[in-house]
Amino acid sequence: MKLLWSKFSPMFRRFLISYVIILMIPQIAGYASYRASIEAARASSIENSLKSLNLGKEIIERNLLQVEAFTRQLAINQELYRLIADPKPLDVYNVYGIGKMQRSLSMYSSTNEYLSHFFIYIPNYNVIITPTTVYYRPEHYYAANAMDGMTFEQWSENILKKPHFNEIIPLQNYKREISSNVLANVPAITFLQSLPLNSFNKPQATIGVLIDEDEMANLTQNIVDQYGGWTLVRDANGEIIFSRGIEEGEAQRLAQNYGDDLNEVRPIEGERLLISIHSERNGWSYMAGIPEKSLMTNADQIKQVTLAFTLATLTLGLGFGLILAYRNSAPIYKLLSAFREQVSEPSGKRRNEYDFLASHIHLLIANNQSLENALNEQIPLLRDGFIKRLLTGEFYTTRELEAISSQTQLSIENSQGITGLLKVNGYASLDSEEMIQELGVAKLIIRQTMTEWNADVLMTDWGTDQIAFMCPVSDMPLDTAILHCESELSRLTELIYTEYRISTTIGTGACVRSLE
């Protein structure tokens, strides 16, 4: 890779690195946005789970309050009060009174799903009343609703005869008769209340409400179904009220290890997140364990989309970077190569390409200006040479004439005119430096005067005290133009003498009909 990288020109590498840096800036910003989105998705999943668990808690507590309200209603029920407090009538079974009480209880089972299975034990008659029937022998009721791991005698002693006040027995399996002589294991929670409510010794009646586990656990089933996690509820003593999505042994361990966490969200073993809510009303702890992977489902979707866009952007960006780097560096590299072929660089480390180009371009401009100044200084000499060759007829082709006239910046649009000599009188012999200078000034004045008269007049020195000239004529008839030119030249002679006291003599030659 390093060898391949070294094959590219330094200019190409610099351009490419610049484009890569520019490309990485939005990628870094995109990564920060991606991390924020991941955290937001994770927080949203946790919040939804917390809301679901809290909603289940509120519904469970509301239903338990209705169960308590049900027991308080029975405590003030006059018919029940007469059954538990009045002496036995002549009818020791009191079939009518008990039957009437049973019929009045049946409506409660339809008002609250938590009251589907309940019983009232009346020691006065040794009878158990349920919403559907009356058991004149408690053992018959127990035979159809036996508690797992407990004999009838134990059940009778601990449940029926002891006082209870809003007592809840954690989850137990009941052998419930679902059809004739067919029993099934039904896990349920038992709510117990003695009557009257202030019974502290031997109760006059016992109310037991069997709440099926499914009735309570279904309220938190959404967490299990949505995230593949588990839920459990334990009481203040560490006993499990119910659980979902987890084995019993594991539930017991988690309830003991994490049951004291109050309103907390924390990671636990197995890459799971524990969400716990504590109930101030009854001291229960509601816990949910959610796999981190499930929480990151939405985040994974964001991750995949972000990764796809990032890869596509990097690929396209690098492709365009390579193209632009080559496109921008190639002309500069060619220019550098051209300079380096013509200019010898000192050995050692090369300077920056731009510094190299700038210094040599400045040198090139300076040399060009110097050359241009030198050529401009030669233009008067070139003009004199051109005019002398023109007057002596040394041009044989129009192409040669146009090329040299273009170089001397002289216009030759008019191809006909009058040639002549202008002699400065009084300077036949130059025997002093003052006379030479005076003659030079006189010639300069004459040139300026003729140029003011006609800017197209071609003039050159001809000997020491003479100026040869060619006066182009206009498009008017040639004879008329010649007469006009001669008249003007005569006027100029007088003007030069009048203004500058310079005596001149002008002689004209033949008419020039073609410059070739």
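Values in this document were obtained by computation on a predicted structure and should not be read as measured data. Just the heavy atoms: all of them, side chains too, but no hydrogens, waters or symmetry mates, feed the values below.
Looking at Q204 and N124, their side chains never come closer than 4.5 Å, going by heavy atoms from C-beta outward. The side-chain heavy atoms of I120 and V127, taken from C-beta on, include no pair separated by under 4.5 Å. Under the 4.5 Å side-chain criterion, counting only non-hydrogen atoms from C-beta, S243 is not in contact with V233. With a 4.5 Å cut-off on side-chain heavy atoms, P187 and N173 count as touching. Between E79 and S104, the closest side-chain pair of non-hydrogen atoms falls below 4.5 Å.
Distance NZ/K57 to CG/L50: 10.5 Å, rounded to 0.5 Å. Put simply, CD1 on I168 and CD on Q193 are 11.0 Å apart, with the number rounded to the nearest 0.5 Å. The distance from the CG atom of L115 to the CZ atom of F191 is 10.0 Å, given to the nearest 0.5 Å.
Two rings, from Y142 and Y135, have their centers 6.0 Å or more apart.
Between S279 and E61, the side chains place a donor N or O and an acceptor N or O closer than 3.5 Å (distance only, hydrogens not considered). A side-chain donor from one of N185 and K175 sits under 3.5 Å from a side-chain acceptor of the other. With no hydrogens or angles considered, a side-chain donor-acceptor pair links N126 and Y121 at under 3.5 Å. Side chain to side chain, E58 and N54 meet the donor-acceptor criterion of an N or O pair below 3.5 Å.
Summarising the geometry of K161 relative to P203, their closest heavy-atom pair is O-CD, 3.3 Å, with the distance given to 0.1 Å.
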field: N367 vs S370, side-chain hydrogen bond (donor to acceptor under 3.5 Å, both in side chains): CA-CA, chis, key distance, verdict
entry: CA-CA 5 Å; N367 291 338; S370 176; over 6 Å; no
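Residues passing the salt bridge (Lys or Arg N to Asp or Glu O under 4.0 Å) test with R281 are E68, sequence neighbours excluded. With sequence neighbours excluded, no residue forms a side chain to side chain donor-acceptor pair (under 3.5 Å) with N166.
The aromatic rings of W155 and F119 sit tilted relative to each other, their planes meeting at an angle between 30° and 60°.
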